[in-house]
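So the structure is just underneath, and the comments pick up after that.
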Amino acid sequence: MDDLPYLVTFAHVVDAGSFAGAAQRLGIAASAASKHVSKLERALGARLLQRSTRKLSLTEAGAAYYQHCARIVEELEQSREAVARLQAEPGGRLRITCLNSFVSAVLAPLMPEFLRRYPKVDVEIVTSDLPVDLAQEGLDLALRMTGAPSPQLVARPLAPLRFVVCASPRYFAVHGLPQQPQDLTAHALLGYPRHLSDDNTWHFMRGAERIEVPAPTRFAVNNMQALRALAVAGSGITLLPTYVVGDDLRAGRLTVALADYIGFDNPQLYAVYLPNRYGSPKLRVFVEYLIEKIGSPPFWDRDLGFAYGA
């Protein structure tokens, strides 16, 4: 690290083709630039430049060394730019994609304070029940519920999720409470359409045990709020995240069955973005805001008594 200033000077001397040109770029005297290179050569035990009254030229060792120096100087410049971006006031349009149910249940109530905090940030949310190509759609961020985020994307964990089997107390009073996942096949099930629900199979975890249950649906729709409404009305059993049904569980409109089982392989909520979006002030402050507001455990579960993990 002691040689770093000399290394930077050497790279600028080569780029400028002279000590005077490098000195002007660096804001130092030409004699100081020459001394930096001489000290670097002594430290390396090799001559890097052939000096003459007319021009400078690289030695074989100097040419090889310059390739590494040039990369280091470029990375230093990129790091300075990254810090400058982080310190810049967040602004511009932030384009986000997530499930419609998450917008209505979680994001929308959180947005007024975010917009007040960052008046120069405009937010656009595009809902989708399927993964969206962020680059192709020009999106900054996706909020995804998964156990395995794509390794090609940066994934910041925001919160664990809990999917619960639930129905109205009236439904369970008439049809009985399932005692194990396999019992669900004898009930009226409310779920997603076949092409969105892994061929109508519900997955559960209990400890290290993984269970898959055929789940032919009596009613299917790709909208969690609609499934919640039908379950509250007594139409059947559904499997939904607690951020959607938490208020109904607290109010007694819905009752949990199979509480020992974790639905959908214990998924997590992630903030997912392209690597080249790293350092974007508007993206950074939004992700940090979500982490602050969601908390641990997530605010929608704090009084429901669920424990996360296997």
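Hydrogens, waters and symmetry mates are skipped; everything else that's a heavy atom, side chains included, is used.
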Quiz item: If you look at every heavy atom in Ile291 and Arg156, which pair is closest and at what distance?
Solution: CD1-NH2, 3.0 Å
Exercise. For atom CZ of Arg93, decide whether the heavy atoms of other residues, nucleotides or ligands shown that lie under 6.0 angstrom number more than 12.
Key: yes
Practice problem: Answer yes or no: does atom CD of Glu292 have more than 12 heavy-atom neighbours from other residues, nucleotides or ligands under 6.0 Å? | Solution: yes
Self-check item: Nearest heavy-atom neighbours spanning Ser101 and Val244
Solution: CB-CG2, 4.1 Å
Quiz item: Which heavy atom in Ala22 sits nearest to a heavy atom in Ala16, and how many Å separate them?
Solution: N-CB, 3.6 Å
Practice problem: Look up atom CG in Leu139 and atom CD1 in Ile96, then write down how far apart they are to the nearest 0.5 Å. | Solution: 9.5 Å
Quiz item: Could you give the distance from OG (Ser168) to CZ (Arg253), rounded to the nearest 0.5 Å?
Solution: 12.0 Å
Quiz item: Is Glu288 paired with Arg117 through a side-chain N to carboxylate O contact shorter than 4.0 Å?
Solution: no
Exercise. Give a yes or no on whether Lys293 atom NZ has more than 12 heavy-atom contacts from other residues, nucleotides or ligands under 6.0 Å away.
Key: yes
Quiz item: Any idea which heavy atoms bring Leu177 and Ala257 closest together, and the distance?
Solution: CD1-CB, 3.8 Å
Practice problem: Taking the side chain as every heavy atom from C-beta outward, state whether Leu58 and Leu48 have any pair of such atoms under 4.5 Å apart. | Solution: no
Exercise. Only one of Tyr171, Phe172, Trp202 passes ring-ring contact (aromatic ring centres under 6.0 Å, His included) with His187; say which it is.
Key: Tyr171
Quiz prompt | Side chains of Arg302 and Leu304 in contact at under 4.5 Å (non-hydrogen atoms) | solution = no
Quiz item: When you measure from the side chain of Glu41 to the backbone N and O of Leu49, does any donor-acceptor pair fall under 3.5 Å?
Solution: yes
Quiz item: So, Tyr261 versus Arg206: side-chain donor-acceptor pair below 3.5 Å or not?
Solution: yes
Quiz item: Quick one: are Val106 and Phe299 in side-chain contact, heavy atoms under 4.5 Å?
Solution: yes
Quiz prompt | Nearest atoms (heavy-atom pairs only) where Cys98 meets Ile125 | solution = SG-CG2, 4.2 Å
Quiz item: Should Arg210 and Glu212 count as an ion pair when the cut-off is N to O under 4.0 Å?
Solution: yes
Quiz item: Is the shortest side-chain N to carboxylate O distance from Arg95 to Glu137 below 4.0 Å?
Solution: no
Quiz item: So Leu143 and Tyr270, side-chain contact (heavy atoms from CB on, under 4.5 Å) or not? Walk me through it.
Solution: CA-CA 6 Å; Leu143 300 176; Tyr270 289 92; over 6 Å; no
Quiz prompt | Val164/Val245 under side-chain contact (heavy atoms from CB on, under 4.5 Å): CA gap, chis, key distance, verdict | solution = CA-CA 9 Å; Val164 293; Val245 297; 3.9 Å; yes
Exercise. Give, for atom CD1 of Ile237 and atom OG1 of Thr217, the distance between the pair rounded to the nearest 0.5 Å.
Key: 13.0 Å
Practice problem: Might you work through the side-chain contact (heavy atoms from CB on, under 4.5 Å) test for Tyr273 and Asp140, ending with a clear yes or no? | Solution: CA-CA 6 Å; Tyr273 50 91; Asp140 297 293; over 6 Å; no
Exercise. Verify the neighbour count for atom CD of Gln24: are there more than 12 heavy atoms of other residues, nucleotides or ligands below 6.0 Å?
Key: no
Quiz prompt | Heavy-atom check, side chain of Arg218 versus side chain of Leu189, under 4.5 Å | solution = no
Exercise. Working to the nearest 0.5 Å, report the span between CZ of Phe10 and OH of Tyr66.
Key: 8.5 Å
Exercise. For the pair Ser235 (side chain) and Ala231 (backbone), establish whether a donor and an acceptor sit closer than 3.5 Å, ignoring hydrogens and angles.
Key: no
Practice problem: Show your working on side-chain contact (heavy atoms from CB on, under 4.5 Å) between Gln50 and Leu56 and close with a plain yes or no. | Solution: CA-CA 6 Å; Gln50 294 289 358; Leu56 298 175; over 6 Å; no
Quiz item: Side chains of Val37 and Arg51: closer than 4.5 Å at any heavy-atom pair?
Solution: yes
Quiz item: With a 4.5 Å limit on heavy-atom distance, are the side chains of Pro149 and Arg144 in contact?
Solution: no
Quiz item: Below 4.5 Å, heavy atoms only, C-beta onward: do Thr238 and Leu254 meet side chain to side chain?
Solution: no
Self-check item: Rounded distance [0.5 Å steps], CZ in Phe163 versus CE in Met205
Solution: 15.0 Å
Exercise. Please tell me if the side chains of Pro267 and Thr146 come closer than 4.5 Å, counting only heavy atoms from C-beta onward.
Key: no
Quiz item: What ring pair (Phe, Tyr, Trp, His ring centres under 6.0 Å) pairs are there with at least one residue in residues 20-42, not counting sequence neighbours?
Solution: Tyr6-His36
Self-check item: Residue pairs passing the ring pair (Phe, Tyr, Trp, His ring centres under 6.0 Å) test where at least one lies in residues 106-142, sequence neighbours excluded
Solution: Phe114-Tyr118, Phe114-Phe286, Phe114-Tyr289
Practice problem: Measure the spacing between CZ of Arg228 and CG of Asn223 and express it to the nearest 0.5 Å. | Solution: 10.0 Å
Quiz item: What pair of heavy atoms forms the shortest contact from Leu258 to Pro178, and how long is it?
Solution: CD2-O, 3.5 Å
